[in-house]
Amino acid sequence: MKLICNGNDLSDAVGKVFKAVGSKTTNPILESIKLKAEGGALTLSATDQELYIEKSITADVKIEGETLVPGRFFAEFVKKLNREQIELSVAENGRMVIRYQGNEGVLACRSAEEFPVMPDVSGAQHFVIIKNELKDLIGKISFAVSLDDARPMLKGVNLEVEQSTLTGVALDGFRLAKCVKQIEGTTAMMSAVVPARCINEIAKQIEDTTDPVTVYIQKRYLMVDLIHTKIYASLLDGDFMNYKHIIPYNFNTVVTLPTEQFADALDRAILLAHTGSDRNNLVKFNIKEDMMEVSAGSEIGNINEKIVVKLMGNDLAIAFNARYFTEMLRYVNSENIVIKFTNAVSPCIVVPSGSIEDFMYLVLPVRMV
């Protein structure tokens with residue numbers, strides 16, 4: 001194998017695929033980055049068997065071939081050469097010579113024969129969605145996945161493709177986040193549960209543009225085709241929780257309030273609630289007439305803040321883990337939000353106000369003594 005490529009392009013490609021290099025493995029193959037020189041391109045790929053990332057860059061290929069390089073070392077080394085024209089060549093002894101500005105380094109490589117090969121999903125069912133819409137959907141729900149190994153299906157994001165929409169859902173037993181986006185088209189109705197780490201990496205690598213992106217789904221894998229970059233995610237095997245039956249639809253108290261003021265009040269309340277020995281993040285809402293009082297307390301003191309609201313229905317006193325609200329509010333762009341309550345022991349629903357409700361959030365309250 002022998003090629004010449006731009007150092008900036010190589011550094012960028014290595015940085016992208018390195019996210020899939022195995023870090024907790026005894027298999028040296030999974031700690032490697034595969035380099036394949038063919039035609040007029042150098043293709044880099046890495047996988048930890050859950051996430052697989054492949055990135056191609058333009059290269060002047062003198063001799064076609066493929067090899068495996070130590071992932072972490074190669075990534076760190078190339079990062080320091082990102083302004084150079086770089087020549088990579090692999091001799092028959094399996095060693096790679098890296099030449100740059102009249103200098104060279106030699107790197108021991110491995111055979112690429114044992115490197116995992118991803119299936120061809122070009123014929124699989126797929127849907128097309130605008131890039132920034134997919135990116136926004138992932139951001140609005142992935143924070144709500146479970147971290148509990150005892151419920152592995154809840155450690156992923158559930159994607160449901162219907163005729164004209166993509167619905168994403170994540171939940172952890174205490175809260176649920178749901179987002180619905182329009183799609184450009186689909187070959188079928190389908191669903192998949194994608195591990196949170198994989199779906200978040202996909203969001204990071206998608207540009208924030210209005211260009212379309214194609215997402216392929218087959219039995220074991222989801223693949224996002226970004227033209228010069230392909231990202232595979234191994235899907236979680238099993239059925240996602242039937243979340244629809246836990247979402248309430250009848251409410252006795254509906255409150256509309258300013259998002260920013262609510263977020264600021266929660267930030268101050270949670271600071272006090274988390275300072276005490278309990279560190280329970282417990283914040284109480286006392287809703288009465290045109291006012292919501294946000295309060296928290298610990299052995300060092302207490303805080304009470306009042307927010308003018310628009311109330312429809314009954315007065316209510318209810319308590320929550322404030323973190324579930326503060327994390328959600330980072331992704332709410334509307335000036336006002338609507339919180340819908342049934343009673344003091346049932347989950348509430350949060351939606352943006354004054355716009356299409358593409359985002360919905362559910363959170364369970366904490367029983368007050």
Is [X] linked to [Y] within one hydrophobic cluster, defined over Ile, Leu, Val, Met, Phe, Trp and Tyr using a side-chain heavy-atom separation of less than 4.5 Å?
X      : Y      : answer
Tyr216 : Ile129 : no
Leu166 : Ile202 : yes
Val121 : Leu134 : no
Val14  : Ile4   : no
Ile98  : Ile57  : yes

Intermediate values then yes/no, ring-ring contact (aromatic ring centres under 6.0 Å, His included), Tyr331 and Phe143: CA-CA 10 Å; Tyr331 305 96; Phe143 66 90; 5.0 Å; yes

Pair Thr210-Asn132, side-chain contact (heavy atoms from CB on, under 4.5 Å): steps then yes or no: CA-CA 6 Å; Thr210 56; Asn132 59 13; 3.6 Å; yes

Do other residues, nucleotides or ligands put more than 12 heavy atoms under 6.0 Å from [X] [atom1]?
X      : atom1 : value
Gln101 : CD    : no
Glu104 : CD    : yes
Tyr100 : OH    : yes
Asn103 : CG    : yes
Met291 : CE    : yes
Lys34  : NZ    : yes
Glu184 : CD    : yes
Asn93  : CG    : yes

Salt bridge (charged side-chain N to carboxylate O under 4.0 Å, His left out) between Arg268 and Asp264, intermediate numbers included: CA-CA 6 Å; Arg268 289 185 284 268; Asp264 290 344; 5.0 Å; no

Quick one, [X] and [Y] - any side-chain contact, counting heavy atoms below 4.5 Å?
X      : Y      : result
Phe115 : Arg110 : no
Glu133 : Gln182 : no
Leu171 : Leu362 : no
Val21  : Arg72  : no
Arg175 : Arg323 : yes
Gln125 : Thr187 : yes
Ile231 : Ile206 : no
Pro152 : Leu236 : no

Test log, rule side-chain contact (heavy atoms from CB on, under 4.5 Å), inputs Leu329 and Thr259: CA-CA 8 Å; Leu329 288 172; Thr259 305; 4.0 Å; yes

For the pair [X] (side chain) and [Y] (backbone), establish whether a donor and an acceptor sit closer than 3.5 Å, ignoring hydrogens and angles.
X      : Y      : value
Glu64  : Gly39  : yes
Ser11  : Gly7   : no
Tyr232 : Thr47  : no
Lys135 : Ala203 : yes
Thr167 : Val180 : no
Tyr324 : Leu364 : no
Thr214 : Val128 : no
Asp60  : Leu3   : no

Nearest heavy-atom pair of [X] and [Y]: which atoms, and what distance?
X      : Y      : value
Pro195 : Ser234 : CD-O, 3.2 Å
Lys131 : Leu226 : CE-CD2, 4.3 Å
Val351 : Ile349 : CG1-CG2, 4.0 Å
Ile53  : Lys16  : CD1-O, 3.4 Å
Glu50  : Asp48  : N-OD1, 3.0 Å
Ser45  : Tyr52  : CB-OH, 3.4 Å

Check against side-chain contact (heavy atoms from CB on, under 4.5 Å), Met153 and Asp239: CA-CA 7 Å; Met153 291 303 293; Asp239 295 325; 5.8 Å; no

Test side-chain contact (heavy atoms from CB on, under 4.5 Å) applied to Ile307 and Glu305, step by step: CA-CA 7 Å; Ile307 304 172; Glu305 295 203 17; 5.6 Å; no

Atom pair CG (Asp290) and NZ (Lys306), whose distance is rounded to the nearest 0.5 Å: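 Asp290 atom CG to Lys306 atom NZ measures 10.0 Å (nearest 0.5 Å).
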
From His228 atom NE2 to Lys55 atom NZ, the distance as rounded to the nearest 0.5 Å: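 Answer rounded to 0.5 Å: 7.0 Å.
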
Given Asn336, Val338, Val332, the one that forms side-chain contact (heavy atoms from CB on, under 4.5 Å) with Ser334: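 For Ser334, the side-chain contact (heavy atoms from CB on, under 4.5 Å) check succeeds only for Val332.
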
Geometric class of the Phe325/Phe285 ring pair [parallel <30°, tilted 30-60°, perpendicular >60°]: perpendicular

From CA spacing to verdict: salt bridge (charged side-chain N to carboxylate O under 4.0 Å, His left out), Asp172, Arg151: CA-CA 9 Å; Asp172 65 2; Arg151 309 178 78 178; over 6 Å; no

Sequence-distant partners of Phe240, ring-ring contact (aromatic ring centres under 6.0 Å, His included), two or more places apart: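 Partners of Phe240 by the ring-ring contact (aromatic ring centres under 6.0 Å, His included) criterion come out as none, since no residue qualifies.
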
Between Asp120 and Ser122, a side-chain donor and acceptor under 3.5 Å: yes

